[in-house]
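Just so you know, residue 1 is the first one in the sequence shown, and it goes up from there. Please read these numbers as outputs of a predicted model, since none were measured by experiment.
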Amino acid sequence: MSIMFWVLQGLLAGLFLVAGGLKIFAPLEAISGIMPWVEDFSRLQVAGIGILEACGAAGLVLPGMTRIAPVLTPVAAIGLLTLMAGATITHLGRGEAHLIGGNIAVMVIAAIVAWGRLTSWPL
C-alpha cells in the first residue's frame with residue numbers, strides 16, 4: 001500500500017509543481033489560453049495560488065523523503081484538496097461545469113492520500 005500512496009503523491013506533486021510554477025512565473029497572458037479563469041484574478045492572486053500549489057507539492061513528498069514531520073504529508077493533501085474545491089467553485093461560478101471533472105479527480109486522489117497517510121504508518 002505504501003508504494004501506491006507514493007505513486008499517488010508523486011503524481012499529485014508533479015501536477016501541482018508544474019501548475020504552480022506556471023502560475024508563479026508565466027505571464028497571465030501566456031497562461032490565459034489554458035487557464036481562462038486567471039482573467040478574473042490579479043497577478044498577485046494567481047501567483048499566490050501557484051505558491052500554495054508548489055508548497056503543497058513539496059509537502060506531499062519532502063516529509064516522507066526526509067522523515068521529518070511526516071504528519072505534514074496528509075496536511076498538504078488536505079490543503080490541496082481544499083484548493084481544488086475552491087477551483088471547482090470558481091469553475092461553476094464562471095459557467096464552466098464541464099471543466100470540473102479534473103478537479104474532482106484530483107480531489108479524490110488527494111483525499112485518498114490524506115486518508116492513507118493518516119491511517120497507515122510508516123511512510
Side-chain angles (χ1 to χ4, degrees):
M1 286 299 274
S2 182
I3 292 172
M4 180 193 73
F5 290 123
W6 271 110
V7 168
L8 293 176
Q9 287 167 231
L11 289 172
L12 283 177
L15 170 79
F16 281 108
L17 193 58
V18 169
L22 280 173
K23 291 176 186 104
I24 295 167
F25 297 112
L28 292 183
E29 300 77 31
I31 60 175
S32 65
I34 55 174
M35 299 177 204
W37 60 267
V38 300
E39 298 166 355
D40 294 348
F41 294 87
S42 71
R43 177 72 193 123
L44 188 60
Q45 289 171 316
V46 173
I49 293 167
I51 290 167
L52 290 173
E53 290 177 343
C55 288
L60 287 172
V61 294
L62 291 180
M65 291 172 62
T66 62
R67 304 267 186 216
I68 298 172
V71 71
L72 293 179
T73 297
V75 171
I78 292 167
L80 292 171
L81 189 151
T82 305
L83 195 63
M84 293 309 292
T88 300
I89 292 167
T90 298
H91 284 305
L92 290 173
R94 289 177 45 92
E96 301 169 340
H98 62 284
L99 296 177
I100 66 170
N103 298 54
I104 292 170
V106 171
M107 289 186 337
V108 168
I109 296 169
I112 291 168
V113 168
W115 170 80
R117 289 306 186 192
L118 283 171
T119 60
S120 68
W121 298 99
L123 290 175

Which atom names give the shortest non-hydrogen contact between [X] and [Y], and what distance separates them?
X	Y	result
R43	K23	NH1-O, 2.9 Å
A85	M107	N-SD, 3.4 Å
A13	A57	O-CB, 3.4 Å
A77	V113	CB-CG1, 4.0 Å
I78	A114	CG1-CB, 3.7 Å
V61	W6	O-CH2, 3.7 Å

Linked, directly or transitively: [X] and [Y] (ILVMFWY side chains, under 4.5 Å):
X	Y	answer
I112	L83	yes
L11	L17	no
I104	M84	yes
F41	I24	no
L28	W37	yes

Rounded to the nearest 0.5 Å, what's the gap from [atom1] on [X] to [atom2] on [Y]? Could you check?
X	Y	atom1	atom2	answer
L72	C55	CG	SG	11.5 Å
T88	E96	OG1	CD	11.5 Å
R94	T90	CZ	OG1	9.0 Å

Hey, mind stepping through R117 and Q9 against side-chain contact (heavy atoms from CB on, under 4.5 Å) and telling me if it holds? CA-CA 10 Å; R117 289 306 186 192; Q9 287 167 231; 2.5 Å; yes
Flag if over 12 foreign heavy atoms under 6.0 Å of CD1, I34: yes
Check the pair F16 / V106 against side-chain contact (heavy atoms from CB on, under 4.5 Å), numbers first and verdict last. CA-CA 10 Å; F16 281 108; V106 171; 3.6 Å; yes
Walk me through whether T73 and F5 qualify under side-chain contact (heavy atoms from CB on, under 4.5 Å). CA-CA 11 Å; T73 297; F5 290 123; over 6 Å; no
Please report the C-alpha distance between L60 and L8 in whole Å, then the side-chain angles of each, then the deciding distance to 0.1 Å, and finally whether the side-chain contact (heavy atoms from CB on, under 4.5 Å) criterion is met. CA-CA 10 Å; L60 287 172; L8 293 176; over 6 Å; no
